[in-house]
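Taking it in order: structure first as structure tokens, then the write-up.
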Amino acid sequence: QVQLVESGGGLVQPGGSLKLSCAASGFTLDYYAIGWFRQAPGKEREGVSCISSSGGSTYYADSVKGRFTISRDNAKNTVYLQMNNLKPEDTAVYYCAADYSDYSGRFYCPWGPGKSLDYDYWGQGTQVTVSS
């Protein structure tokens, strides 16, 4: 069964850190770009970050640049999102998603308006709450 499972969410104080994981089962992430998205109550889903299948390209939303870092460990079939200096406005459900890329697209990441539709698989989400 093809599945993406996010973990690592929780409650943290402003200025704190969390590391989210996105683990794949039933398929290998080697040929997939991975995106992280989030959705806060009453707001639209937004892209947070993306990493290409090779790991050679990464993208970040302006709101998280300098605070979040995306990485991947294909040997563990897992992608990570290190989140530092968290702010209350980072509170949301965080989702990871996978988009297949062949070798020619190893530096490609579906990033930008409407690109979330390109992703093939989605996880169920993990809650991140930043509050004092």
Side-chain angles (χ1 to χ4, degrees):
Q1 182 181 1
V2 172
Q3 205 172 9
L4 286 173
V5 179
E6 302 94 338
S7 62
L11 173 64
V12 64
Q13 292 186 341
S17 298
L18 285 173
K19 187 174 184 177
L20 304 184
S21 298
C22 172
S25 61
F27 70 108
T28 177
L29 288 181
D30 291 23
Y31 297 104
Y32 286 82
I34 302 298
W36 282 99
F37 297 81
R38 67 186 181 186
Q39 188 165 20
K43 294 187 177 181
E44 292 188 354
R45 183 176 59 195
E46 62 172 344
V48 175
S49 184
C50 182
I51 187 167
S52 62
S53 59
S54 68
S57 298
T58 57
Y59 300 85
Y60 297 93
D62 288 343
S63 58
V64 307
K65 279 181 182 176
R67 300 188 297 122
F68 291 12
T69 303
I70 193 170
S71 62
R72 63 190 302 150
D73 185 342
N74 286 353
K76 294 183 177 180
N77 222 24
T78 302
V79 172
Y80 304 98
L81 185 68
Q82 177 68 47
M83 306 186 296
N84 298 327
N85 191 22
L86 283 160
K87 304 175 180 181
E89 51 263 43
D90 295 318
T91 295
V93 178
Y94 284 70
Y95 302 88
C96 64
D99 174 60
Y100 176 77
S101 299
D102 60 19
Y103 184 75
S104 64
R106 63 195 183 280
F107 294 108
Y108 172 73
C109 230
W111 184 253
K115 288 297 184 181
S116 63
L117 299 176
D118 290 1
Y119 288 86
D120 303 304
Y121 306 117
W122 288 80
Q124 83 292 345
T126 185
Q127 176 71 46
V128 171
T129 303
V130 184
S131 175
S132 55

### Query
Given Leu11 and Ser131, is the side-chain contact (heavy atoms from CB on, under 4.5 Å) satisfied, shown in steps?
CA-CA 7 Å; Leu11 173 64; Ser131 175; 4.2 Å; yes
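Arg38 CZ to Arg45 CZ: the interatomic distance, rounded to the nearest 0.5 Å, is 14.0 Å. Ser71 OG to Leu81 CG: the interatomic distance, rounded to the nearest 0.5 Å, is 8.5 Å. In this structure, the separation between OH on Tyr94 and CD on Gln39 is 12.0 Å, given to the nearest 0.5 Å. Summarising the geometry, atom CG belonging to Leu4 is positioned 12.5 Å from atom OG belonging to Ser21; distances are rounded to the nearest 0.5 Å. Rounding to the nearest 0.5 Å gives a distance of 11.5 Å between SG of Cys22 and CD1 of Ile51. Expressed to the nearest 0.5 Å, how far OG1 of Thr91 lies from CD of Gln127 amounts to 7.5 Å.
Nearest heavy atom pair, residue Val2 against residue Gly26, reads CG2-O, 4.0 Å. In terms of heavy atoms, Lys76 sits closest to Tyr80 at CD-OH, 3.8 Å. Ser132 and Pro14 get closest at one heavy-atom pair: N-CD, 3.7 Å. Counting all heavy atoms, side chain and backbone alike, Gly47 lies closest to Phe37 at CA-CD2, 3.6 Å.
Contact check for Tyr119 versus Ile34: no side-chain heavy atoms found under the 4.5 Å cut-off. Residues Gln1 and Ser25 fail the side-chain proximity criterion, which asks for heavy atoms closer than 4.5 Å. Two residues are said to be in side-chain contact when any heavy atoms from C-beta on lie closer than 4.5 Å; Phe68 and Ser49 fail this criterion. Under the 4.5 Å side-chain criterion, counting only non-hydrogen atoms from C-beta, Thr126 is not in contact with Ser7. No side-chain heavy atom of Met83 sits less than 4.5 Å from a side-chain heavy atom of Asp90. Between Trp36 and Cys96, some side-chain heavy-atom pair lies under the 4.5 Å cut-off.
Here the side chain of Asn77 pairs a donor or acceptor atom with the backbone of Leu29 at under 3.5 angstrom. A donor-acceptor pair under 3.5 Å links the side-chain atoms of Glu6 to the main chain of Gly125, judged by distance alone. In terms of modelled atom types and a separation under 3.5 Å, the side chain of Arg72 and the main chain of Ser52 share a donor-acceptor contact. Between the side chain of Ser57 and the backbone N or O of Tyr108, no donor-acceptor pair lies under 3.5 Å. In this structure, Asp120 contributes its side chain and Tyr100 its backbone to a donor-acceptor pair below 3.5 Å.
Salt-bridge check for Asp62 with Lys65: passed, with a basic side-chain N closer than 4.0 Å to an acidic carboxylate O. With salt bridges taken as basic N to acidic carboxylate O contacts below 4.0 Å, none links Lys115 and Asp99.
Put simply, Leu18 and Tyr60 are part of the same group of oily side chains (I, L, V, M, F, W, Y) that touch within less than 4.5 Å, one to the next. Trp122 and Val48 are members of different hydrophobic clusters when ILVMFWY side chains are connected at heavy-atom separations under 4.5 Å.
For Tyr31, the OH atom sits in a loose shell: 12 or fewer heavy atoms of surrounding residues, nucleotides or ligands are nearer than 6.0 Å.
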